[in-house]
Amino acid sequence: MTTLDLARDAADRTGAPMPGPAPSILPRLLVTGPGDATHLDVHRSRFGPMPTGFDPKRMLDELERSGLTGRGGAAFPTAVKTAAVARRRGGRSVVVVNIVEGEPASSKDHHLAVTAPHLVIDGAEVLASIVGASEIHLCVDRNDWPAYGALDRAVRERAAQDRISIWGAPSHYVAGEASALSRWIGGGEARPVWNTRPDQAGVSGRPTLVQNAETVANVALVARHGAAWFRSAGTPDEPGSMLVTISGDVGAPGVLEIERGTSLRAVLDAARVSSMPRGLLVGGYGGSWIHGDHIASLSMSNASLAGVGASVGTGVIVVVGEDHCPLAETVRLAHWLAGESAGQCGPCVFGLPAIAELLERLIEDRAPSRAAERLERWLDEVDGRGACAHPDLSARMIRSALRSFADDYADHRAGRPCRQAHAEALIRCPDTEGGPWT
């Protein structure tokens with residue numbers, strides 16, 4: 001029985017309105033058409049009303065059949081994560097929607113919050129019903145006033161506003177990590193917690209489901225239109241659409257909605273990238289570099305990108321054209337990521353700054369002998385030793401640059417850097433050092 005069947009049963013019994021017809025494959029999440037969808041009546045006319053009277057267990061089964069995975073970077077199955085909290089039902093569970101988006105190159109969750117806040121809230125309420133949560137927390141960056149304002153107006157339009165809270169979280173790269181966000185809502189600092197799963201002990205020790213805004217918005221669509229509709233886009237193994245934030249040397253930067261499995265070349269064409277780039281940073285600042293020579297054979301799916309050691313991650317693509325040096329950009333990113341440590345683990349506090357400094361010296365051909373071997377050893381030593389994945393992802397990004405641009409790396413070390421090595425920085429590294437963690 002599909003969600004639409006369940007909705008029809010509920011409509012027959014209660015007289016509730018039926019969801020509208022399922023939209024075409026794309027767009028799904030991005031708002032199009034007349035009217036301001038931040039208003040509840042426009043939102044409902046655009047997306048259709050939510051089904052009422054559904055059974056939480058059947059809705060969880062529908063999520064499992066949909067194949068929806070998290071859009072925050074890890075791509076963990078949404079149904080599995082939700083089920084882990086649902087098993088601890090009892091009125092104490094909490095739902096947290098992560099819209100903090102500490103990834104500077106991403107703006108997809110901000111875009112959803114600003115243009116379709118009711119869709120995000122719809123999905124949060126579905127998840128709250130499944131896990132038996134009495135509270136929903138919507139968390140945005142404390143400096144993201146447009147998102148905060150749109151969510152606040154949306155909450156005020158809804159009857160269940162008493163159980164929905166909006167939080168302005170600290171502006172740090174790792175503050176949006178699930179355990180850090182749960183710790184912060186509970187009154188602590190927004191720093192990751194060692195070896196702690198929020199589904200077991202999250203906000204104030206309560207079972208907590210943390211999902212990012214894009215994932216939650218997709219939950220609202222699965223609830224309306226069912227698993228089969230969701231799977232009508234994308235690939236069999238990676239169904240649905242995804243939001244991509246593309247920036248760098250592009251003619252039309254911004255947020256795109258694509259089917260999972262869309263070719264990288266098609267995505268670049270949509271962003272008006274006419275010539276072949278030197279390289280792409282895919283997945284975010286903790287993602288992976290891809291040499292331009294590989295672009296033609298790859299698509300935006302984890303199955304395809306795995307062949308070059310990459311993944312879709314947070315849906316970020318940064319394009320580095322002929323006027324910039326990927327290795328110089330990597331050095332800047334390495335220094336910035338080192339500065340974004342939560343300050344509580346040795347691999348971050350000591351390891352990442354040392355790695356960034358040695359990498360810079362290697363790229364500028366002023367490193368001591370055997371420095372390259374030392375860099376590789378240090379990158380291996382930070383893996384798996386932090387309270388969160390920050391050192392692992394930083395090391396992965398650096399390794400991918402050295403692997404993807406091995407010839408350029410050799411030229412730099414030999415004193416033959418490319419002419420773009422000292423060009424103005426392309427990748428944005430915001431200054432958040434020293435800001436409060438509470």
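One is the number of the first residue; the rest follow in order along the sequence.
Ion pairing of Arg399 with Asp383 is present here, as a side-chain N (NZ or NE/NH1/NH2) and a carboxylate O approach within less than 4.0 Å. Between Arg224 and Asp122 there is a salt bridge, since a side-chain N of the basic residue sits under 4.0 Å from a carboxylate O of the acidic one. At a threshold of 4.0 Å, the pair Lys57-Asp55 does not count as salt-bridged, since none of the basic side-chain nitrogens sits closer than that to a carboxylate oxygen.
The side chain to side chain contact (heavy atoms under 4.5 Å, CB included) check on Ala423 picks up His324, with sequence neighbours excluded. Listed by chain and number, the residues in a salt bridge (charged side-chain N to carboxylate O under 4.0 Å, His left out) with Asp269 are Arg265 (sequence neighbours excluded). Under the side chain to side chain contact (heavy atoms under 4.5 Å, CB included) criterion, Lys81 pairs with Phe76, Leu209, Gln211, sequence neighbours left out. Asp36 meets the side-chain hydrogen bond (donor to acceptor under 3.5 Å, both in side chains) test with Thr38; sequence neighbours excluded. In this view, His390 and Tyr173, Val174, Leu337, Glu340, Cys348, Leu352, Cys388, Ser394 satisfy the side chain to side chain contact (heavy atoms under 4.5 Å, CB included) rule, not counting sequence neighbours. Partners of Trp167 under the ring-ring contact (aromatic ring centres under 6.0 Å, His included) rule, at least two apart in sequence or in another chain, are His137, Trp184. Glu257 meets the side chain to side chain contact (heavy atoms under 4.5 Å, CB included) test with Leu26, Pro27, Arg28, Leu29, Leu30, Ser241, Leu243; sequence neighbours excluded. Partners of Glu259 by salt bridge (charged side-chain N to carboxylate O under 4.0 Å, His left out), not counting sequence neighbours: none found. Every residue two or more places apart in sequence or in another chain that forms a ring-ring contact (aromatic ring centres under 6.0 Å, His included) with His291 is listed here: Phe405.
Within the structure, salt bridge (charged side-chain N to carboxylate O under 4.0 Å, His left out) pairs that include any residue of residues 166-193 comprise Glu189-Arg191 (at least two apart or interchain). Residue pairs satisfying the salt bridge (charged side-chain N to carboxylate O under 4.0 Å, His left out) criterion with at least one member in residues 97-120, sequence neighbours excluded, are listed as follows: Lys108-Glu214.
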Donor-acceptor pairs are to be reported for all side-chain atoms of residues 142-149 against protein atoms at under 3.5 Å, with residues two or more places apart or in another chain.
{"unit_1": "Arg142", "atom_1": "NH1", "unit_2": "Thr438", "atom_2": "O", "d": "3.2"}
{"unit_1": "Arg142", "atom_1": "NH2", "unit_2": "Thr438", "atom_2": "O", "d": "2.6"}
{"unit_1": "Asn143", "atom_1": "ND2", "unit_2": "Ser171", "atom_2": "OG", "d": "2.9"}
{"unit_1": "Asp144", "atom_1": "OD1", "unit_2": "His110", "atom_2": "ND1", "d": "3.0"}
{"unit_1": "Asp144", "atom_1": "OD1", "unit_2": "Ala147", "atom_2": "N", "d": "3.3"}
{"unit_1": "Asp144", "atom_1": "OD2", "unit_2": "His110", "atom_2": "ND1", "d": "2.7"}

